[in-house]
Amino acid sequence: MAIGFYFDMTRCTGCRACQVACKDKNRLDVGTVYRHAKTFSVGAFPNVTAYSYSASCNHCESPACFSVCPTGAIEKREDGAVVIDREACSGDGSCTKACPYGIPQILPDGKAGKCDSCYLIREAGGQPACVAACPNRALDFGEYDDLAKTYGSDCVSEIAILPGADTTKPSLLINAKDAASETGFVDVNW
């Protein structure tokens, strides 16, 4: 059994409602986010295209962060969610360096933190905060195989801004815009 996220890039406007909901749910300090929405552009004037991407932990099948944690603070739950036991975390930053997606981060208290797929909310029957907050329904969450059946075979797990899918096998399905496969992208966020 593996859980995962679905992201429909064609529906995302980059509004950051997902980012704000996650930040609020986790009561994160200024400057810390577990899910971030960013906009990228590709091409050159007059042929410029943009797309937005909402990123969080991909709860990978083979998480790079898990294999390098010196204290065993990172675990892969039975449902496939990759979580950090903050009490056991040494704060050495191995996970932050190993993740090709830059997701785990050292928080002001010196310990690592990241998306936990809102497993407590899910256990109570709800959806992750980011999914529930998306006004355009660009995000979904559930059993990976069910998401694949629902959203079809045109989805991908790797785009130009997300390297390493062949190694980590992210539990992520993306309905990607064509521009997302182009290299030479520019992060247009401030």
Side-chain angles (χ1 to χ4, degrees), residues 2-26 33-65 80-82 99-105 114-118 121-122 126-190:
I3 49 88
F5 281 103
Y6 165 76
F7 174 66
D8 188 343
M9 191 176 284
T10 67
R11 300 187 80 153
C12 181
T13 62
C15 73
R16 295 178 173 74
C18 56
Q19 180 175 311
V20 172
C22 176
K23 189 171 185 66
D24 182 57
K25 178 261 177 195
N26 290 293
V33 292
Y34 288 171
R35 175 171 285 280
H36 51 87
K38 292 187 171 186
T39 301
F40 301 88
S41 69
V42 293
F45 180 80
N47 300 313
V48 177
T49 304
Y51 61 92
S52 294
Y53 182 70
S54 176
S56 74
C57 180
N58 296 319
H59 303 285
C60 300
E61 185 179 317
S62 300
C65 61
V82 178
C99 177
Y101 312 111
I103 297 301
Q105 54 197 291
K114 66 170 207 57
C115 163
D116 64 6
S117 74
C118 293
I121 292 173
R122 291 188 298 108
Q127 283 285 335
C130 58
V131 173
C134 181
N136 295 326
R137 301 296 172 234
L139 287 169
D140 200 358
F141 184 87
E143 294 291 327
Y144 186 83
D145 291 341
D146 292 344
L147 292 172
K149 287 176 193 169
T150 300
Y151 296 108
S153 60
D154 290 340
C155 292
V156 297
S157 294
E158 187 169 352
I159 55 178
I161 61 170
L162 297 176
D166 55 332
T167 304
T168 61
K169 298 178 182 72
S171 295
L172 171 68
L173 293 167
I174 305 168
N175 180 20
K177 289 183 175 179
D178 290 341
S181 65
E182 294 182 33
T183 57
F185 56 85
V186 175
D187 183 339
V188 297
N189 302 280
W190 11 231

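Residues: numbered from 1 along the sequence shown. The structure displayed is predicted, hence computed values, not measured ones. Scope of the values below: all heavy atoms of this structure, side chains included, with no hydrogens, waters or symmetry mates.
- Between Ser54 and Leu139, the shortest heavy-atom contact is OG-CD1, 4.1 Å.
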Evaluation steps, side-chain contact (heavy atoms from CB on, under 4.5 Å), between Ser171 and Phe5: CA-CA 7 Å; Ser171 295; Phe5 281 103; over 6 Å; no
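- Taking 4.5 Å as the limit, some side-chain heavy atom of Ile121 sits within range of a side-chain heavy atom of Lys25.
- When all heavy atoms of Pro163 and Pro100 are compared, the closest pair comes out as O-CB, 3.9 Å.
- No side-chain heavy atom of Thr49 sits less than 4.5 Å from a side-chain heavy atom of Asp178.
- The backbone N or O of Asn189 sits less than 3.5 Å from a side-chain atom of Asp187, completing a donor-acceptor pair.
- In this structure a side-chain-to-backbone donor-acceptor pair under 3.5 Å is missing from Glu143 to Ile3.
- The salt bridge (charged side-chain N to carboxylate O under 4.0 Å, His left out) check on Lys169 picks up nothing, with sequence neighbours excluded.
- A side-chain donor-acceptor contact under 3.5 Å links Asp116 to the backbone of Cys118.
- Sparse packing is recorded around CG of Asp154, with 12 or fewer heavy atoms of other residues, nucleotides or ligands lying under 6.0 Å away.
- Counted by atom type alone, Thr168 and Tyr101 present one or more donor-acceptor pairs between their side chains at under 3.5 Å.
- The backbone N or O of Met9 sits nowhere less than 3.5 Å from a side-chain atom of Arg11 that would complete a donor-acceptor pair.
- By the side chain to side chain donor-acceptor pair (under 3.5 Å) test, Asp140 pairs with Tyr151, sequence neighbours left out.
- With contacts defined as side-chain heavy-atom distances shorter than 4.5 Å, the pair Ile161/Phe185 qualifies.
- Among all heavy-atom pairs drawn from Phe141 and Pro128, the shortest one is CG-CG, 3.7 Å.
- Of the possible polar contacts, one joining the Ser157 side chain to the Leu172 backbone as a donor-acceptor pair under 3.5 Å is found.
- Listed for the Lys114 side chain is a donor-acceptor partner under 3.5 Å among the backbone atoms of Val82.
- Between Lys177 and Asp8, every side-chain heavy-atom pair lies at or beyond the 4.5 Å cut-off.
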Pair Asn175-Val156, side-chain contact (heavy atoms from CB on, under 4.5 Å): steps then yes or no: CA-CA 7 Å; Asn175 180 20; Val156 297; over 6 Å; no
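- Minimum interatomic distance between Arg35 and Cys22 (heavy atoms only, all atoms of both residues): N-SG, 3.9 Å.
- The CZ atom of Arg16 lies 9.0 Å from the NZ atom of Lys38; values are rounded to the nearest 0.5 Å.
- Within the model, atoms SG of Cys115 and CG of Asn26 stand 8.0 Å from one another, a figure rounded to the nearest 0.5 Å.
- Closest approach of Ile159 and Ala180 over heavy atoms only: CB-O, 3.5 Å.
- Inter-residue side-chain proximity for Tyr144 and Leu173 is flagged as met; some heavy-atom pair is nearer than 4.5 Å.
- No donor-acceptor pair under 3.5 Å is formed between the side chain of Glu158 and the backbone N or O of Pro170.
- For the residue pair Thr39/Ser52, the side-chain donor-acceptor check at 3.5 Å is satisfied.
- For Ser41 against Val48, the heavy-atom pair with the smallest separation is CB-CG1, 4.1 Å.
- Between Tyr53 and Phe7, the distance from one ring center to the other falls under 6.0 angstrom.
- Side-chain contact between Cys57 and Ser117: absent, with no pair of heavy atoms (C-beta onward) separated by less than 4.5 Å.
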